[in-house]
A.B. asks: 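Take a look at the following structure, please.
What's counted below: heavy atoms across the whole structure, side chains too, no hydrogens, waters or symmetry copies. Since the structure is predicted, the reported quantities are computational estimates derived from the model, not experimental observations.
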Amino acid sequence: MEREQKPGRRALLGAAALGAGAMALSGAGTATAAEPQAAPGAAAGTSGRGHGLPVPTVIGHRGASGYRPEHTFGSYQLALDMGADIIEQDLVPTKDGHLVCRHENDITATTDVSAHPEFADRKTTKTVDGTKLTGWFTEDFTLAELKTLRAKERIPGNRQRNTLYDGRWEVPTFEEVLQWAEREGRKRGRKVWLYVETKHPTYFRKLGLGLEERVAKLLRRYGRHRKDSALFLQSFEPSSIQRLRKLVDTPSVVLLSTMTSRPWDFVEANDPRTVADLVKPEGLKWIASYAQGIGPDLSVIIPRTPDGKLGTPTSVVKDAHAAGLILHPYTMRNENTFLPADFRRGSDPNAYGDAFGAFKAYFATGIDGIFSDNADTALLAAADFRK
C-alpha cells in the first residue's frame, strides 16, 4: 500500500457511510461484527441503515505482516485468525498476464530470487513511477517461474523474528486468494473481506499489462463485482479507480500519499494537483463522484511536528465525511521506528513502543478504520472506540 519503492468511525460502513454511491455493504469481518451502521461522524454504536463492518475497521496490512512475511498465505491466514476485519492484497502482473500478490513488482527483497542462479540474467534496472530500481521484476517472469520462488521477510533488520518463516510460502496469485477467501467464508459462515490495490497501473498499462481489466475479470468470476461485495478496490492513481468504476460496481477507495506528493497518473498527465489539493472540499467532492472513500497517509490526518511528534489534526476527517467519503488511513506498526516520536519507548528502534497511545490518538479523530501490520493490537485499540 505505501508509496515506498524500497523493499519498504465513528461511522459504520454501509449506505449511509459510503456516501454519494450509497451502497449497502453486507457481510462482516469478524464473527461479532454484525452491528447497526451509523452515518459519517456519528458516534460508534449509533443506528443507521443496514449492517456492515465494525468501526473503526481494522485492515490487516498485507495480512499480518508484523508477524509473517507479507503477502503470503501465512500472513493472510494469521490476520484472519486474529480477527482482522479486512485483509489487504497488492497486485502486480506476471509476464504472461497473471495477477500476483506482491507489494511491488520489484521482488528482490520479498523473495529468494537472488538465490536462483537460473534467474541471474533477469536482474535489471528499471524506472518505475520516476524511481530507478535495480533488481528482479514480476513482469519479467511467467507465473510458473514465479512459483519456483519462495517469499521472505521484506525488512529483516526491523523484524528479525519474521525471518524464521523465510522460504515457507510461495507467491500467491490473486485468484488463489479469492478461492481462499471463499473457502474461509464457507468455513466461518460469513464473508471474508478483501482490500485490493492496483500497483503502478499507468506503468503496467504502457507495458501492455493493464491491471484493471484483469482485476475486473476475476471479480466477476468470483462474484465480487457488485456494490455490496465484501471487497474494496484501492489505488494511488485516481484514473485506475475511475477505470475500474466503469468495469465493476465494487466499492473503491483512492489512496493518498503525503500532502506535497502527486499521484503518478497526474504526473504523466501534467495535472498539477497535489494530495493537498485533493483533500480540500472541492477535491474530496471530485473523488466522491466516482469513489466511496480515501486512504490517506496518517500524516494527512495528523501531521508530525519537526521533532517527529504528533501535531494538530487537520480537517480532512470532517471534510471527507461531509463529502460522504469513508477514511481508511495507513499504516500503524508497533515498532518504535515507525511510531511518532512521542509514542516511542526506550532506545531500541525495533522494540515495541506505545502503539495503543498512537492508535488512540488516530481513532479519536473519527477515522473509519486503519491499516495495521499488527491486527491483534489494532483490534484491542479499536474495541475502546466500538463501545
A.B. asks: Test side-chain hydrogen bond (donor to acceptor under 3.5 Å, both in side chains) on Arg102 and Thr110; report intermediate values, then the result.
C.D. replies: CA-CA 8 Å; Arg102 290 288 88 189; Thr110 60; 3.3 Å; yes
A.B. asks: Quick check: closest heavy atoms across Val192 and Leu80, and the distance to 0.1 Å?
C.D. replies: CG1-CD1, 4.1 Å
A.B. asks: Are Phe232 and His328 close enough that their ring centres sit under 6.0 Å apart?
C.D. replies: yes
A.B. asks: Could I get the full list of side chain to side chain contact (heavy atoms under 4.5 Å, CB included) partners for Gln160, not counting sequence neighbours?
C.D. replies: Thr163
A.B. asks: Is the charged tip of Lys199 near the ring of Phe204: under 6.0 Å from the six-membered ring centre and within 45° of its axis?
C.D. replies: no
A.B. asks: Only pairs at least two apart or in different chains count here, so list each salt bridge (Lys or Arg N to Asp or Glu O under 4.0 Å) that has a residue in residues 65-79.
C.D. replies: Arg62-Glu70, Glu70-Arg154
A.B. asks: What pair of heavy atoms forms the shortest contact from Gly60 to Ala84, and how long is it?
C.D. replies: N-CB, 4.1 Å
A.B. asks: Would you mind listing every salt bridge (Lys or Arg N to Asp or Glu O under 4.0 Å) that reaches into residues 305-327, with sequence neighbours excluded?
C.D. replies: none
A.B. asks: For Tyr67, which fellow cluster members are found when Ile, Leu, Val, Met, Phe, Trp and Tyr are connected by side-chain heavy-atom distances below 4.5 angstrom, either directly or through intermediates?
C.D. replies: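 Taking Ile, Leu, Val, Met, Phe, Trp and Tyr as members, Tyr67 shares its hydrophobic cluster with Leu78, Met82, Tyr352.
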A.B. asks: Which residues, ordered by chain and number, are linked to Tyr165 in its hydrophobic cluster, where ILVMFWY side chains connect at heavy-atom gaps below 4.5 Å, directly or through other members?
C.D. replies: Leu164, Trp169
A.B. asks: What are the two closest non-hydrogen atoms of Val279 and Leu284, and how far apart are they?
C.D. replies: O-CD1, 3.4 Å
A.B. asks: Is any side-chain N of the basic residue among Arg161 and Glu153 closer than 4.0 Å to the acidic one's carboxylate O?
C.D. replies: no
A.B. asks: Indicate the atoms forming the closest heavy-atom contact of Pro329 with Leu298, along with that distance.
C.D. replies: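 It is CB-CD2, 3.6 Å.
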A.B. asks: Give me the other members of the hydrophobic cluster that Phe356 sits in, counting Ile, Leu, Val, Met, Phe, Trp and Tyr linked by side-chain heavy atoms under 4.5 Å, directly or via other members.
C.D. replies: Leu380
